[in-house]
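Positions are given from 1, in the same order as the sequence printed here. Any value given below was found using the heavy atoms of this structure, including those in side chains, with hydrogens, waters and symmetry copies removed. Counting starts at 1 for both ligands and their atoms, in listed order.
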Amino acid sequence: MKEKTNLSVGVDLGTSNLLIYVEGQGTLFNEPSIIAIDKATGNVVSVGYEAAKLVGKTHNKVEVARPLQGGVISDIQLIREILLFTLDKIFLSNLESISRLLICIPSEITNTEKEAIVELGHGLGIQNTEIEQEIKAGALGSGVDIFAPRGHMVIDIGGGTTDFGILSLGEVVLSKSIKIAGDYFDKQIIDYVKTSHKLEIGNQTAERIKIELASLTGPFPVDEDGAPVVTEAMGRDLVTGLPRQILLHPEEIREVLLNCFDPIKSILLATLEETPPELAGDLVDSGILLTGGCSQIPGIKDYFTDIAQIPVYLSEVPLSAVIDGCKKMLKMTNRHFYSEL
Ligand code: ADP
Ligand code: MG
């Protein structure tokens, strides 16, 4: 893909996943936002899946890092490297063919950091670099008419943060963020297995357990014979130091998850309380949209409905809502979307 020039590019810079959309070509990159760097030379070894394979397995010459942690920039240089590496790969080193870059970022990023990201785009030779709030893009990408004079609420439960936003007339009226989301759930599963089963497990095992067993309400899953679904987890016995396997039950993981969701519940209630009354009234009809990877946890819809007492609906595209919204924004005029710093 080299022939075309003047292309618009959208980026969803998530804590867990980096997605890149190219106008007319679709989403050409959708991989973990992880980068591996050669410590001696500073050169990028790999990004995405290739870099993710190295997590926990590197020797001291290679460093594996996430450019965003807990929804905040851990290192702007790493963001530059990961974007440069992926864009270079997609555009076969022909970055001049990019005329516009729209980067969606978490709502909690400071103005200084926003400026740094815009500068970073300029540094790549893309003068028309804009930023947009991912909560807005996620709502748009999920099909919400965010431009209507009507309040909408979005909760994006991703890897590093859970973000809450009240939107009206195409703008974020109120937003809140908490560093409790997928990564934290994994960490709590690790702690639970350590305490209750005296077994040390890795991050990837914890994430798999979460995806296979997590739920917040409703019946626990059963197999064809009606037996409860359980999951094996391999780790290191804390006492003997030897590898050992255990079976985990969904009841155990639900308890862990419900504890994790307590603070999320508090922020949801605080957000509703602070929502201007006219917009709060709209939410009775428009409800709450849940998006982000962790909105796929079974029972989450009923869990939130029970708390907020208003309709809750799930994004049909939880993992791609932000990039889908980015794509829609790119199709619209600059006028609507230029974020003022
Ligand atoms: P970010 O925007 O922060 O990059 P994402 O919206 O891509 O995050 O979501 C990533 C998170 O979603 C990870 O913590 C991942 O483990 C979790 N996740 C992905 N699929 C599921 C699933 N089916 N059930 C529960 N959690 C999931
Ligand atoms: Mg996200």
Notebook entry, point to check: What protein heavy atom sits nearest atom 2 (O) of ligand 1, and how far off is it?
Noted result: Gly14 CA, 3.9 Å
Margin query: Please list the nearest protein heavy atom to atom 20 (N) of ligand 1 with its residue and the distance rounded to 0.1 Å.
Written below: Gln296 NE2, 3.3 Å
Note to self: Determine whether the aromatic ring centres of residues Phe185 and Phe261 are separated by less than 6.0 angstrom.
What the structure shows: yes
Note to self: Please list the nearest protein heavy atom to atom 17 (C) of ligand 1 with its residue and the distance rounded to 0.1 Å.
What the structure shows: Cys294 SG, 3.7 Å
Next item on the list: If you have a sec, work out which protein heavy atom is nearest atom 7 (O) of ligand 1 and how many Å separate them, to one decimal?
Entry: Asn17 ND2, 2.7 Å
Check: For Lys176, does the NZ atom sit with more than 12 other heavy atoms under 6.0 Å from it, leaving out its own atoms?
Finding: yes
Check: What is the closest protein heavy atom to atom 25 (C) of ligand 1, and at what distance does it sit?
Finding: Ile297 CG1, 3.7 Å
Check: Does a side-chain heavy-atom distance below 4.5 Å link Leu102 with Val9?
Finding: no
Check: Does any N/O atom on Ser16 come nearer than 3.5 Å to any N/O atom on ligand 1?
Finding: yes
Margin query: Suppose the criterion is side-chain hydrogen bond (donor to acceptor under 3.5 Å, both in side chains): which pairs have a residue in residues 8-20, not counting sequence neighbours?
Written below: Ser8-Glu23
Item checked: Part of Glu134 within contact of ligand 1 (heavy atoms, under 4.0 Å) -> neither
Margin query: Measuring from atom 12 (O) of ligand 1, which candidate in Gly293, Gly292, Ser215 has the nearest non-hydrogen atom?
Written below: Gly293
Next item on the list: Return the residue, atom name and 0.1 Å-rounded distance of the protein heavy atom closest to atom 3 (O) of ligand 1.
Entry: Gly159 N, 2.9 Å
Next item on the list: Around atom 15 (C) of ligand 1, find the nearest protein heavy atom and jot down its residue, atom name and distance.
Entry: Glu207 OE2, 3.2 Å
Note to self: Less than 4.0 Å is my threshold; does some heavy atom of Ala214 fall inside it relative to ligand 1?
What the structure shows: no
Next item on the list: For ligand 1, find out whether one of its N or O atoms is nearer than 3.5 Å to an N or O atom of Asp156.
Entry: no
